[in-house]
Amino acid sequence: MTRQIILYFLVFFLPIKTCFSIEKDTKSSIKTEKLEKNYTVQQKSSVNNTHQYYNQAESLKFSMPDSAIELYYQSFDVAGKEKDSLQMIKSMAGLANLYAHNGKFGHAYDGYWEALTIADQVGDNESRVIIYNGLGWLYSFYERNTLSLDYFNKAITILKKNSSINRLLLVDTYYAVATLKRKIQDTDQARLYLDSCLQVKKEHPGLQETNAFINAEFGYNLYEDEEYEKALKILLPLEPFFSEFNHSYLVIYHYFLGNIYNRMGKLKTSEKYYKSAINTGLVHHTHSNLFPIIYEELSTVLLKLNKTKEAYKMLKISKDFNENQYGSRNTRNRRFLEIKDEFRKKQEQEKEMLREQELERLTQESRINYLKNIIFYVTIVGLISVVFFVYRTLRNKYKAKQMLFIEKQKMEEQKIKEVLDIKNKELTASVLQIIQHEETLAEIKHDLLKQKKEPDANQINKIAKKINLNTNNNWKEFEARFIEVNGNFYEELNSRFPKLTQGDQKICALIKLNFDSKGMSKLLGISTESVHTTRYRLRKKLGLERQDNLEEFISQIG
């Protein structure tokens with residue numbers, strides 16, 4: 001009680017001076033800032049894609065945090081232009097993690113939620129696990145342990161349902177829950193989760209072999225149970241590993257060693273570890289959420305060592321850290337995060353409402369487009385139907401006209417054929433009549449010749465001449481009728497075969513009328529053998545071969 005009164009007296013009444021370590025850190029920070037500016041100028045020309053930006057940011061996040069922040073933003077912007085959603089999530093989550101390490105919890109909170117929004121949009125579960133873990137740690141800094149545990153459990157649920165996700169994330173999540181349980185004095189549960197970490201690593205040999213962080217947590221739990229010697233037995237052998245492979249973790253590690261030695265009464269050793277934790281944090285720009293506690297604990301140790309002025313300075317720095325970076329134990333800052341939660345929920349509700357409105361609008365547009373498409377396709381089908389109907393109608397009309405024309409042509413041809421048939425019949429009848437006349441005249445001639453001895457010979461000869469004249473007139477009459485029916489026959493025959501005699505032409509005309517040799521002999525008054533001889537000579541004049549048919553050839557003329 002007396003010690004605390006002295007501390008508060010120092011805070012409010014002694015003059016405020018900046019301690020040597022802070023002055024040293026200020027000079028160091030000015031030097032670092034210059035290095036960061038030089039680095040930024042040099043690197044902007046060499047870094048040209050999102051992965052390079054991200055990798056450079058990761059390598060500089062503890063040594064040059066300002067440059068790392070700029071590189072994270074550049075990585076995020078380039079990934080956005082390249083539409084690489086996973087890289088956008090990695091960049092924003094890395095930036096949020098860096099802000100959390102530097103005590104900029106409001107920025108960290110915003111970064112995690114922006115990354116989570118993208119992860120939800122693309123449905124990437126591994127990214128969700130990383131972000132849920134980050135939010136869980138962030139809420140634990142504000143001692144909102146229930147909400148913190150909720151986020152860790154969300155990550156565990158996803159990891160248990162998706163065995164394809166890297167199992168190291170399950171180890172990290174169990175480790176985070178163990179740390180949270182230890183902070184709320186539930187060391188039994190903390191050990192169970194640490195055992196779960198070891199079990200997962202045992203089931204998956206491919207994971208990192210070292211258990212240094214898990215063993216350190218076992219040591220911290222022993223510290224919480226006030227088993228200080230056992231805690232040191234576990235913790236002290238781990239220092240070489242952290243010094244070589246994870247120097248920034250020495251902030252937590254030395255803080256706990258300082259606590260243990262403080263409880264054991266070894267104040268000088270405790271002071272050394274507290275100061276080492278602070279210097280490591282200042283150099284690596286990390287775990288700034290512990291600074292208010294470490295400075296406060298250091299002030300109590302210095303007060304026990306009767307270093308009153310230095311104790312006051314440490315307590316003043318602790319108070320400044322609490323005010324400047326919204327320390328995790330500050331009630332006002334917890335309320336700030338609650339307000340941000342309420343604002344975020346309100347924003348999400350508004351976004352959800354906007355999404356629903358947009359969905360309704362899109363649904364309405366979809367319906368309108370659907371109706372438009374129906375009208376369009378109905379119109380197209382209607383037009384096609386009309387065109388098809390018109391085409392079919394026109395085609396049918398054309399076919400009807402064509403059929404009518406063909407029918408007319410057939411009728412005309414039939415009519416002509418009928419006329420020809422009639423004419424040919426008439427001509428045939430005329431020929432038959434001539435034949436009959438010829439036969440009658442032949443008989444008369446024969447009778448007259450028989451009676452030639454008794455009657456007057458001159459008279460008989462005169463009768464015979466009259467009979468011959470009558471025959472010639474009959475043939476002329478036949479030719480006139482033949483030409484009337486087959487007008488072009490003689491013209492074509494003469495044009496093609498000008499050397500034919502009148503006798504040849506008569507034979508051709510009779511062949512055209514399908515007269516056989518016997519009919520020709522009677523009509524021409526010659527023997528059948530003479531007809532055959534005349535036909536043979538005619539084939540020669542017409543240029544026909546032996547296999548050629550004379551009747552078919554003559555029928556095609558005219």
Side-chain angles (χ1 to χ4, degrees), residues 416-452 455 457-558:
I416 292 170
K417 187 177 180 182
E418 289 175 357
V419 171
L420 285 173
D421 289 341
I422 292 169
K423 294 289 184 182
N424 283 328
K425 285 177 181 178
E426 291 176 354
L427 187 60
T428 302
S430 176
V431 170
L432 291 174
Q433 187 178 6
I434 292 171
I435 291 171
Q436 189 177 3
H437 288 168
E438 290 289 338
E439 288 177 351
T440 304
L441 290 173
E443 288 177 0
I444 293 170
K445 186 177 180 180
H446 178 71
D447 291 338
L448 287 174
L449 288 173
K450 276 183 179 182
Q451 297 175 6
K452 187 175 180 184
N458 292 329
Q459 189 66 31
I460 293 170
N461 288 331
K462 191 181 289 186
I463 294 170
K465 286 180 181 179
K466 287 182 180 180
I467 293 169
N468 288 332
L469 181 62
N470 187 43
T471 302
N472 290 331
N473 290 335
N474 289 338
W475 181 255
K476 288 180 180 179
E477 184 180 350
F478 164 77
E479 281 188 335
R481 290 191 178 184
F482 180 84
I483 293 169
E484 184 181 351
V485 176
N486 301 284
N488 297 325
F489 179 76
Y490 282 121
E491 290 181 7
E492 187 176 344
L493 188 65
N494 287 326
S495 64
R496 290 174 64 181
F497 307 102
K499 292 183 179 181
L500 294 179
T501 64
Q502 287 185 351
D504 294 331
Q505 291 178 359
K506 287 180 181 180
I507 293 293
C508 289
L510 293 173
I511 292 172
K512 177 78 170 176
L513 295 174
N514 295 319
F515 275 85
D516 56 8
S517 297
K518 188 177 180 181
M520 291 182 191
S521 66
K522 289 181 178 180
L523 182 63
L524 296 174
I526 59 177
S527 65
T528 305
E529 288 76 11
S530 297
V531 172
H532 290 317
T533 303
T534 305
R535 284 170 64 95
Y536 175 76
R537 290 172 182 170
L538 180 63
R539 289 175 64 88
K540 291 285 186 179
K541 291 178 181 180
L542 295 177
L544 298 179
E545 299 293 334
R546 187 172 183 179
Q547 66 271 16
D548 295 330
N549 188 289
L550 179 61
E551 285 77 7
E552 289 182 2
F553 181 80
I554 296 297
S555 67
Q556 293 175 0
I557 298 174

S521 side, atom OG; D516 side, atom CG - distance, nearest 0.5 Å: 8.0 Å
Would you compute the distance between atom CD of Q556 and atom CG of N549 and round it to the nearest 0.5 angstrom? 9.5 Å
Take K540 and E545 through the test salt bridge (Lys or Arg N to Asp or Glu O under 4.0 Å) and record every step on the way to the result. CA-CA 8 Å; K540 291 285 186 179; E545 299 293 334; over 6 Å; no
Between the side chain of S530 and the main-chain N/O of I526, is any donor-acceptor distance below 3.5 Å? no
Of all heavy-atom pairs between Y490 and Q505, which one has the smallest distance, and what is that distance? CE2-CB, 3.8 Å
Check: L542 and L550 side chains under 4.5 Å, non-hydrogen atoms: yes
Please tell me if the side chains of F489 and I554 come closer than 4.5 Å, counting only heavy atoms from C-beta onward. yes
Spacing of CZ belonging to F553 relative to CG belonging to D548, to within rounding of 0.5 Å: 8.5 Å
Would you call R496 and I557 a side-chain contact if the rule is heavy atoms closer than 4.5 Å? yes
List the steps and the verdict of side-chain contact (heavy atoms from CB on, under 4.5 Å) for K541 and T501. CA-CA 10 Å; K541 291 178 181 180; T501 64; 4.1 Å; yes
Is any side-chain heavy atom of M520 closer than 4.5 Å to one of R535? yes
Any side-chain heavy-atom pair from C508 and F497 closer than 4.5 angstrom? no
Any idea which heavy atoms bring T528 and S517 closest together, and the distance? CG2-CB, 4.1 Å
Side chains of L493 and D504: closer than 4.5 Å at any heavy-atom pair? no
Between R539 and R546 the two heavy atoms that sit nearest each other are NH2-O, 3.3 Å
Can you tell me if CD on E551 sees more than 12 non-hydrogen neighbours from other groups inside 6.0 Å? yes
